[in-house]
J.: 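Questions regarding the structure given below will be posed in turn.
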There are 2 protein chains.
Amino acid sequence: MTAEQTDDGLVDALVQTAFATMAVLNRVGAEHDLSLTQLRVLAILRDRQVRMTALADFLGLEKSTMTGLVDRAEKRGLLTRSPSEGDRRAVDVTLSPAGAELAERLAAQVARVLAPRTARLSPADQGRLQSMLARLLTPAT
Amino acid sequence: MTAEQTDDGLVDALVQTAFATMAVLNRVGAEHDLSLTQLRVLAILRDRQVRMTALADFLGLEKSTMTGLVDRAEKRGLLTRSPSEGDRRAVDVTLSPAGAELAERLAAQVARVLAPRTARLSPADQGRLQSMLARLLTPAT
DNA sequence: TATTGTTATACTCTATAACTATA
DNA sequence: TATAGTTATAGAGTATAACAATA
(Lines give C-alpha, C1' and ligand atoms only; values in the text may rest on other atoms or scores of the structure.)
Protein backbone atom coordinates (compact mmCIF):
# COMPACT_ATOMS: atom_id res chain seq x y z
CA MET A 1 0.00 0.00 0.00
CA THR A 2 1.52 3.30 -1.01
CA ALA A 3 1.22 6.54 0.90
CA GLU A 4 -1.37 7.90 -1.52
CA GLN A 5 -3.73 5.07 -0.91
CA THR A 6 -5.92 4.63 2.11
CA ASP A 7 -6.76 1.52 4.04
CA ASP A 8 -10.49 2.00 4.34
CA GLY A 9 -11.07 -0.76 6.84
CA LEU A 10 -11.48 1.61 9.75
CA VAL A 11 -13.53 4.12 7.75
CA ASP A 12 -15.83 1.32 6.65
CA ALA A 13 -16.21 0.15 10.22
CA LEU A 14 -17.06 3.68 11.33
CA VAL A 15 -19.67 4.06 8.61
CA GLN A 16 -21.20 0.68 9.29
CA THR A 17 -21.30 1.37 13.01
CA ALA A 18 -22.99 4.68 12.28
CA PHE A 19 -25.67 3.01 10.18
CA ALA A 20 -26.24 0.32 12.78
CA THR A 21 -26.54 2.95 15.50
CA MET A 22 -28.90 5.06 13.43
CA ALA A 23 -31.04 1.99 12.80
CA VAL A 24 -31.37 1.52 16.55
CA LEU A 25 -32.31 5.17 17.06
CA ASN A 26 -34.75 4.96 14.19
CA ARG A 27 -36.42 1.91 15.64
CA VAL A 28 -36.68 3.35 19.13
CA GLY A 29 -38.10 6.56 17.71
CA ALA A 30 -40.58 4.71 15.51
CA GLU A 31 -41.93 2.88 18.54
CA HIS A 32 -42.98 6.29 19.80
CA ASP A 33 -44.01 7.67 16.40
CA LEU A 34 -40.98 9.89 16.27
CA SER A 35 -38.69 10.45 13.33
CA LEU A 36 -34.96 10.52 13.83
CA THR A 37 -35.06 14.30 13.62
CA GLN A 38 -37.80 14.62 16.22
CA LEU A 39 -35.80 12.27 18.41
CA ARG A 40 -32.83 14.59 18.08
CA VAL A 41 -34.94 17.62 18.89
CA LEU A 42 -36.05 16.03 22.14
CA ALA A 43 -32.48 14.96 22.93
CA ILE A 44 -31.13 18.46 22.37
CA LEU A 45 -33.82 20.10 24.45
CA ARG A 46 -33.30 17.58 27.22
CA ASP A 47 -30.78 19.75 28.99
CA ARG A 48 -31.14 23.07 27.19
CA GLN A 49 -33.66 25.69 26.26
CA VAL A 50 -32.73 27.11 22.90
CA ARG A 51 -34.04 29.40 20.21
CA MET A 52 -35.27 28.27 16.83
CA THR A 53 -32.08 29.29 15.08
CA ALA A 54 -29.86 27.49 17.58
CA LEU A 55 -31.95 24.36 17.15
CA ALA A 56 -31.58 24.58 13.38
CA ASP A 57 -27.83 25.04 13.77
CA PHE A 58 -27.50 22.02 16.05
CA LEU A 59 -29.35 19.89 13.52
CA GLY A 60 -27.77 21.39 10.43
CA LEU A 61 -31.18 22.36 9.03
CA GLU A 62 -32.77 25.52 7.68
CA LYS A 63 -34.85 27.73 9.95
CA SER A 64 -37.88 27.14 7.77
CA THR A 65 -37.51 23.41 8.34
CA MET A 66 -37.47 23.97 12.08
CA THR A 67 -40.77 25.77 11.90
CA GLY A 68 -42.49 22.62 10.64
CA LEU A 69 -40.67 20.29 13.02
CA VAL A 70 -41.49 22.44 16.04
CA ASP A 71 -45.05 22.92 14.80
CA ARG A 72 -45.68 19.20 14.76
CA ALA A 73 -43.96 18.53 18.07
CA GLU A 74 -45.86 21.39 19.66
CA LYS A 75 -49.15 20.06 18.32
CA ARG A 76 -48.34 16.77 20.03
CA GLY A 77 -47.72 18.55 23.30
CA LEU A 78 -44.03 17.64 23.49
CA LEU A 79 -42.70 21.18 23.60
CA THR A 80 -43.77 24.79 23.79
CA ARG A 81 -42.77 28.03 22.11
CA SER A 82 -42.33 31.15 24.18
CA PRO A 83 -41.18 34.64 23.37
CA SER A 84 -37.53 35.12 24.16
CA GLU A 85 -36.62 37.72 26.73
CA GLY A 86 -34.43 40.51 25.48
CA ASP A 87 -35.08 39.94 21.79
CA ARG A 88 -38.67 40.15 20.69
CA ARG A 89 -37.92 38.54 17.35
CA ALA A 90 -36.66 35.33 18.90
CA VAL A 91 -38.58 32.27 20.07
CA ASP A 92 -37.46 29.94 22.84
CA VAL A 93 -38.31 26.28 22.58
CA THR A 94 -38.75 24.26 25.76
CA LEU A 95 -39.76 20.68 26.48
CA SER A 96 -43.15 20.27 28.08
CA PRO A 97 -43.39 17.94 31.09
CA ALA A 98 -44.66 15.21 28.77
CA GLY A 99 -41.84 15.91 26.33
CA ALA A 100 -39.24 15.82 29.07
CA GLU A 101 -40.58 12.54 30.37
CA LEU A 102 -40.56 11.05 26.86
CA ALA A 103 -37.01 12.28 26.27
CA GLU A 104 -35.85 10.50 29.41
CA ARG A 105 -37.58 7.30 28.43
CA LEU A 106 -36.08 7.43 24.95
CA ALA A 107 -32.56 7.94 26.29
CA ALA A 108 -32.99 5.03 28.68
CA GLN A 109 -34.35 2.81 25.95
CA VAL A 110 -31.49 3.62 23.58
CA ALA A 111 -29.00 2.82 26.33
CA ARG A 112 -30.82 -0.44 27.05
CA VAL A 113 -30.65 -1.51 23.42
CA LEU A 114 -27.01 -0.57 22.90
CA ALA A 115 -25.66 -1.70 26.25
CA PRO A 116 -25.68 -5.45 25.41
CA ARG A 117 -23.42 -4.66 22.47
CA THR A 118 -20.91 -2.55 24.35
CA ALA A 119 -20.96 -5.17 27.09
CA ARG A 120 -19.20 -7.52 24.70
CA LEU A 121 -16.06 -5.55 25.39
CA SER A 122 -14.06 -5.78 28.58
CA PRO A 123 -14.42 -2.78 30.88
CA ALA A 124 -10.88 -1.77 29.93
CA ASP A 125 -11.73 -1.92 26.23
CA GLN A 126 -14.91 0.03 26.82
CA GLY A 127 -12.84 2.81 28.29
CA ARG A 128 -10.36 2.68 25.41
CA LEU A 129 -13.15 2.74 22.85
CA GLN A 130 -14.84 5.68 24.50
CA SER A 131 -11.66 7.74 24.63
CA MET A 132 -10.78 6.92 21.04
CA LEU A 133 -14.23 7.93 19.84
CA ALA A 134 -13.91 11.12 21.85
CA ARG A 135 -10.71 11.88 20.04
CA LEU A 136 -12.40 11.37 16.67
CA LEU A 137 -15.19 13.70 17.71
CA THR A 138 -12.96 16.64 18.52
CA PRO A 139 -13.65 19.39 15.99
CA ALA A 140 -11.18 19.64 13.16
CA THR A 141 -8.15 21.79 13.70
CA MET B 1 -23.06 2.87 40.50
CA THR B 2 -25.24 -0.15 41.07
CA ALA B 3 -25.58 -3.09 38.72
CA GLU B 4 -28.97 -1.91 37.50
CA GLN B 5 -27.64 1.40 36.32
CA THR B 6 -25.70 2.00 33.15
CA ASP B 7 -22.77 4.28 32.55
CA ASP B 8 -23.91 5.89 29.34
CA GLY B 9 -20.61 7.48 28.46
CA LEU B 10 -19.76 4.93 25.83
CA VAL B 11 -23.30 4.79 24.46
CA ASP B 12 -23.31 8.58 24.18
CA ALA B 13 -19.98 8.51 22.37
CA LEU B 14 -21.31 5.90 19.95
CA VAL B 15 -24.41 7.95 19.23
CA GLN B 16 -22.48 11.16 18.79
CA THR B 17 -19.98 9.45 16.52
CA ALA B 18 -22.86 8.08 14.49
CA PHE B 19 -24.39 11.53 14.04
CA ALA B 20 -21.04 13.05 13.12
CA THR B 21 -20.46 10.30 10.57
CA MET B 22 -23.94 10.66 9.12
CA ALA B 23 -23.36 14.39 8.81
CA VAL B 24 -20.29 13.69 6.71
CA LEU B 25 -22.17 11.24 4.50
CA ASN B 26 -25.01 13.71 4.17
CA ARG B 27 -22.69 16.48 3.14
CA VAL B 28 -20.82 14.37 0.61
CA GLY B 29 -24.12 13.16 -0.83
CA ALA B 30 -25.55 16.67 -0.98
CA GLU B 31 -22.56 17.83 -3.01
CA HIS B 32 -23.75 15.40 -5.66
CA ASP B 33 -27.47 16.01 -5.14
CA LEU B 34 -27.91 12.68 -3.45
CA SER B 35 -29.86 11.96 -0.29
CA LEU B 36 -28.41 9.68 2.32
CA THR B 37 -30.67 6.91 1.08
CA GLN B 38 -29.60 7.33 -2.53
CA LEU B 39 -26.01 7.29 -1.32
CA ARG B 40 -26.67 3.99 0.39
CA VAL B 41 -28.30 2.56 -2.69
CA LEU B 42 -25.20 3.31 -4.74
CA ALA B 43 -22.97 1.92 -2.00
CA ILE B 44 -24.93 -1.32 -1.81
CA LEU B 45 -24.97 -1.79 -5.56
CA ARG B 46 -21.27 -1.06 -5.77
CA ASP B 47 -20.32 -4.69 -5.45
CA ARG B 48 -23.63 -6.46 -5.90
CA GLN B 49 -26.55 -6.76 -8.27
CA VAL B 50 -29.69 -7.27 -6.27
CA ARG B 51 -33.44 -7.41 -6.64
CA MET B 52 -35.83 -4.73 -5.46
CA THR B 53 -36.85 -6.69 -2.40
CA ALA B 54 -33.26 -7.37 -1.36
CA LEU B 55 -32.49 -3.68 -1.71
CA ALA B 56 -35.46 -2.82 0.46
CA ASP B 57 -34.32 -5.36 3.04
CA PHE B 58 -30.78 -3.98 3.12
CA LEU B 59 -32.14 -0.49 3.71
CA GLY B 60 -34.94 -1.49 6.06
CA LEU B 61 -37.56 0.10 3.79
CA GLU B 62 -40.81 -1.00 2.18
CA LYS B 63 -40.84 -2.28 -1.37
CA SER B 64 -43.07 0.58 -2.44
CA THR B 65 -40.47 3.03 -1.15
CA MET B 66 -37.83 1.33 -3.26
CA THR B 67 -39.92 1.84 -6.36
CA GLY B 68 -39.68 5.60 -6.00
CA LEU B 69 -36.02 5.60 -5.02
CA VAL B 70 -35.06 3.42 -7.98
CA ASP B 71 -37.33 5.42 -10.28
CA ARG B 72 -35.53 8.64 -9.48
CA ALA B 73 -32.05 7.11 -9.64
CA GLU B 74 -32.90 5.44 -12.93
CA LYS B 75 -34.21 8.70 -14.35
CA ARG B 76 -30.83 10.23 -13.49
CA GLY B 77 -29.05 7.45 -15.33
CA LEU B 78 -27.35 6.05 -12.24
CA LEU B 79 -28.79 2.55 -12.43
CA THR B 80 -30.92 0.31 -14.58
CA ARG B 81 -33.70 -2.17 -14.00
CA SER B 82 -33.65 -5.50 -15.80
CA PRO B 83 -35.89 -8.55 -15.64
CA SER B 84 -34.46 -11.19 -13.37
CA GLU B 85 -33.60 -14.52 -14.88
CA GLY B 86 -35.49 -17.44 -13.48
CA ASP B 87 -38.28 -15.40 -11.90
CA ARG B 88 -40.27 -13.21 -14.23
CA ARG B 89 -41.80 -11.30 -11.33
CA ALA B 90 -38.46 -10.08 -10.06
CA VAL B 91 -36.42 -7.06 -11.12
CA ASP B 92 -32.65 -6.82 -10.89
CA VAL B 93 -31.10 -3.45 -10.17
CA THR B 94 -27.62 -2.71 -11.51
CA LEU B 95 -25.41 0.36 -11.48
CA SER B 96 -24.92 2.02 -14.83
CA PRO B 97 -21.35 2.95 -15.81
CA ALA B 98 -22.07 6.51 -14.68
CA GLY B 99 -23.54 5.22 -11.42
CA ALA B 100 -20.57 2.96 -10.80
CA GLU B 101 -18.17 5.79 -11.42
CA LEU B 102 -20.10 8.07 -9.07
CA ALA B 103 -20.20 5.37 -6.40
CA GLU B 104 -16.42 5.07 -6.52
CA ARG B 105 -15.96 8.79 -6.30
CA LEU B 106 -18.33 9.01 -3.35
CA ALA B 107 -16.52 6.24 -1.48
CA ALA B 108 -13.18 7.92 -2.09
CA GLN B 109 -14.52 11.27 -0.97
CA VAL B 110 -15.96 9.85 2.23
CA ALA B 111 -12.65 8.19 3.00
CA ARG B 112 -10.84 11.45 2.29
CA VAL B 113 -13.05 13.36 4.69
CA LEU B 114 -12.89 10.81 7.49
CA ALA B 115 -9.24 9.82 7.15
CA PRO B 116 -7.87 12.97 8.83
CA ARG B 117 -9.91 12.08 11.87
CA THR B 118 -8.86 8.48 12.13
CA ALA B 119 -5.28 9.61 11.51
CA ARG B 120 -5.34 11.23 14.94
CA LEU B 121 -4.96 7.74 16.37
CA SER B 122 -1.75 5.76 16.31
CA PRO B 123 -1.72 2.90 13.81
CA ALA B 124 -1.98 0.48 16.72
CA ASP B 125 -5.02 2.29 18.09
CA GLN B 126 -6.58 2.36 14.64
CA GLY B 127 -6.34 -1.40 14.54
CA ARG B 128 -7.79 -1.71 18.05
CA LEU B 129 -10.65 0.63 17.22
CA GLN B 130 -11.48 -1.24 14.05
CA SER B 131 -11.58 -4.60 15.77
CA MET B 132 -13.67 -3.27 18.65
CA LEU B 133 -16.19 -1.74 16.25
CA ALA B 134 -16.29 -5.02 14.38
CA ARG B 135 -17.17 -6.78 17.60
CA LEU B 136 -20.01 -4.33 18.22
CA LEU B 137 -21.31 -4.93 14.72
CA THR B 138 -21.64 -8.67 15.07
CA PRO B 139 -25.34 -9.55 14.96
CA ALA B 140 -26.96 -10.15 18.29
CA THR B 141 -26.86 -13.62 19.67
C1' DT C 1 -29.34 47.06 7.03
C1' DA C 2 -29.18 42.68 9.29
C1' DT C 3 -31.44 39.10 11.89
C1' DT C 4 -35.43 36.03 13.64
C1' DG C 5 -38.92 33.46 12.44
C1' DT C 6 -42.92 32.24 9.42
C1' DT C 7 -45.28 31.32 5.02
C1' DA C 8 -45.61 29.56 0.35
C1' DT C 9 -44.06 26.24 -2.68
C1' DA C 10 -41.98 22.15 -4.51
C1' DC C 11 -39.69 17.89 -4.18
C1' DT C 12 -37.92 13.74 -1.79
C1' DC C 13 -38.68 10.15 1.51
C1' DT C 14 -41.64 7.02 3.66
C1' DA C 15 -45.58 3.89 4.83
C1' DT C 16 -50.20 1.63 4.02
C1' DA C 17 -53.44 -0.39 1.08
C1' DA C 18 -54.91 -2.14 -3.23
C1' DC C 19 -53.53 -4.01 -7.46
C1' DT C 20 -51.15 -7.02 -11.42
C1' DA C 21 -48.38 -10.63 -12.79
C1' DT C 22 -46.00 -14.58 -11.78
C1' DA C 23 -44.84 -18.61 -8.86
C1' DT D 1 -52.18 -19.06 -2.08
C1' DA D 2 -48.00 -16.59 -1.71
C1' DT D 3 -44.51 -13.53 -3.56
C1' DA D 4 -42.40 -9.47 -6.52
C1' DG D 5 -43.16 -5.25 -7.83
C1' DT D 6 -46.04 -1.08 -8.97
C1' DT D 7 -49.57 2.44 -8.22
C1' DA D 8 -52.32 5.54 -5.49
C1' DT D 9 -52.47 8.19 -1.62
C1' DA D 10 -51.16 10.71 2.40
C1' DG D 11 -48.04 12.71 5.55
C1' DA D 12 -43.36 14.01 7.21
C1' DG D 13 -38.91 16.06 6.14
C1' DT D 14 -36.28 19.27 3.57
C1' DA D 15 -34.72 23.51 0.91
C1' DT D 16 -35.40 28.04 -1.53
C1' DA D 17 -37.45 32.38 -1.89
C1' DA D 18 -40.24 36.01 -0.21
C1' DC D 19 -42.06 38.22 3.69
C1' DA D 20 -43.05 40.67 8.49
C1' DA D 21 -41.32 42.16 12.75
C1' DT D 22 -37.61 43.57 15.39
C1' DA D 23 -32.78 44.87 16.15
Side-chain angles (χ1 to χ4, degrees), chain A residues 19 22-23 25-45 49-94, chain B residues 19 22-23 25-45 49-94:
Chain A
F19 277 122
M22 298 308 279
L25 297 176
N26 236 314
R27 183 155 47 79
V28 169
E31 284 177 33
H32 299 267
D33 275 297
L34 289 172
S35 72
L36 202 48
T37 306
Q38 295 282 11
L39 193 86
R40 293 183 75 186
V41 169
L42 295 189
I44 290 168
L45 293 176
Q49 161 180 1
V50 294
R51 310 204 295 190
M52 294 293 287
T53 301
L55 214 38
D57 288 344
F58 274 125
L59 297 168
L61 300 172
E62 290 299 315
K63 299 165 289 186
S64 58
T65 302
M66 283 314 313
T67 299
L69 286 165
V70 169
D71 278 352
R72 290 184 288 274
E74 192 175 30
K75 200 164 300 180
R76 289 177 57 174
L78 299 176
L79 48 80
T80 59
R81 272 187 252 233
S82 58
S84 187
E85 294 191 24
D87 188 337
R88 290 197 311 212
R89 297 170 301 178
V91 171
D92 283 333
V93 184
T94 317
Chain B
F19 277 122
M22 300 308 280
L25 296 176
N26 236 315
R27 182 154 49 79
V28 169
E31 284 178 31
H32 298 268
D33 275 297
L34 289 171
S35 71
L36 203 48
T37 306
Q38 296 282 11
L39 192 87
R40 293 184 74 185
V41 169
L42 296 189
I44 290 168
L45 293 176
Q49 161 179 3
V50 294
R51 310 205 295 191
M52 295 292 289
T53 301
L55 214 38
D57 288 345
F58 274 123
L59 297 168
L61 300 172
E62 291 298 315
K63 299 166 289 184
S64 58
T65 301
M66 284 313 314
T67 299
L69 287 166
V70 169
D71 278 352
R72 289 184 288 274
E74 192 174 29
K75 200 164 300 181
R76 289 177 57 173
L78 299 176
L79 49 79
T80 59
R81 272 186 253 233
S82 57
S84 187
E85 294 190 24
D87 189 337
R88 292 198 309 213
R89 297 170 301 180
V91 170
D92 283 333
V93 184
T94 318

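Quick note on labels: first sequence line is chain A, next is B, and so on, each numbered from 1.
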J.: For the OG1 atom of B:Thr94 and the CD atom of B:Glu74, what is their distance to the nearest 0.5 Å?
T.: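 Between B:Thr94 OG1 and B:Glu74 CD, I get 10.0 Å after rounding to 0.5 Å.
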J.: Would you check if A:Leu45 and A:Leu55 make a side-chain contact, meaning some heavy-atom pair closer than 4.5 Å?
T.: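 A side-chain contact under 4.5 Å exists here.
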J.: Which part of the nucleic acid, if any, lies within reach of A:Thr65 when heavy atoms closer than 4.0 Å are counted: base, sugar-phosphate only, or nothing?
T.: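 A:Thr65: base contact, heavy atoms under 4.0 Å.
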J.: Does a nitrogen or oxygen in the side chain of A:Ser64 sit under 4.0 Å from OP1 or OP2 of D:dT16?
T.: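 Answer no for this pair, as no side-chain N or O of A:Ser64 is under 4.0 Å from OP1 or OP2.
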J.: In whole angstrom, what separates B:Arg27's CZ from D:dT14's C1'?
T.: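 In whole Å, D:dT14 C1' and B:Arg27 CZ are 18 Å from each other.
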J.: Could you tell me how far apart B:Asp33 (CG) and C:dC11 (P) are, to the nearest whole angstrom?
T.: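 Result: 14 Å.
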J.: Do A:Gln38 and A:Arg76 have side chains that approach each other closer than 4.5 Å (heavy atoms only, starting at C-beta)?
T.: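 Result no, sub-4.5 Å side-chain heavy-atom pair not found.
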J.: Nearest whole angstrom, please: distance from the P of C:dA8 to the CG of A:Asp71.
T.: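 For the pair A:Asp71 CG and C:dA8 P, the rounded distance is 12 Å.
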J.: Scan nucleotides 18-22 of chain C against the protein and return all N/O pairs shorter than 3.5 Å with their distances rounded to 0.1 Å.
T.:
from   : atom 1 : to      : atom 2 : distance (Å)
C:dT22 : O2     : B:Arg89 : NH1    : 3.4

J.: A:Leu55 has an atom CG; how far is it from atom C1' of C:dT6, in whole Å?
T.: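 Nearest whole value for this atom pair: 15 Å.
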J.: Name the closest nucleotide to the A:Met52 side chain, picking from D:dA4, C:dA15, C:dG5.
T.: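 When the side chain of A:Met52 is considered, C:dG5 is the closest of D:dA4, C:dA15, C:dG5.
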J.: What residue among A:Asp57, A:Val93, A:Val91, A:Asp87 forms side-chain contact (heavy atoms from CB on, under 4.5 Å) with A:Arg51?
T.: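 It is A:Asp87; the other options fail the test.
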J.: Please report, rounded to the nearest Å, how far the P atom of D:dT14 is from the CG atom of A:Leu36.
T.: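 From A:Leu36 CG to D:dT14 P: 9 Å.
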J.: B:Ser35 side chain N/O closer than 4.0 Å to the phosphate oxygens (OP1, OP2) of C:dC13?
T.: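 For C:dC13, OP1/OP2 do have a side-chain N/O of B:Ser35 under 4.0 Å.
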J.: Would you say D:dG13 has OP1 or OP2 under 4.0 Å from some side-chain N or O of A:Arg72?
T.: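 For A:Arg72, the contact criterion (side-chain N or O under 4.0 Å from OP1 or OP2 of D:dG13) is met.
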J.: Would you indicate, yes or no, if D:dT6 has its OP1 or OP2 atom less than 4.0 angstrom from a side-chain nitrogen or oxygen of B:Thr67?
T.: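 Looking at the OP1 and OP2 atoms of D:dT6, one of them is under 4.0 Å from a side-chain N or O of B:Thr67.
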J.: Rounded to whole Å, please give me the gap between CG in B:Leu34 and C1' in C:dT12.
T.: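 It is 12 Å, rounded to the nearest whole Å.
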J.: Please list, chain by chain and in numerical order, all residues satisfying salt bridge (Lys or Arg N to Asp or Glu O under 4.0 Å) with B:Asp71, sequence neighbours excluded.
T.: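 Listed in chain order: B:Arg81.
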J.: Round to the nearest Å and state the distance from B:Arg51 atom CZ to D:dT6 atom P.
T.: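 Taking CZ of B:Arg51 and P of D:dT6, I get 12 Å after rounding.
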J.: Could you give the CG-to-P distance, from A:Leu61 to C:dG5, as a whole number of Å?
T.: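 Interatomic distance, CG of A:Leu61 to P of C:dG5: 14 Å.
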J.: List the residues meeting side chain to side chain contact (heavy atoms under 4.5 Å, CB included) with B:Arg40, not counting sequence neighbours, and say none if there are none.
T.: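 Here the qualifying residues are A:Phe19, B:Leu59.
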J.: Just wondering, more than 12 heavy atoms not from B:Glu31 lying within 6.0 Å of its CD?
T.: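 Atom CD in B:Glu31 is packed in, count exceeds 12.
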J.: Would one find a side-chain N or O of B:Arg81 under 4.0 angstrom from OP1 or OP2 of D:dG5?
T.: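 False: B:Arg81 side-chain N/O out of range (4.0 Å or more) of D:dG5 OP1/OP2.
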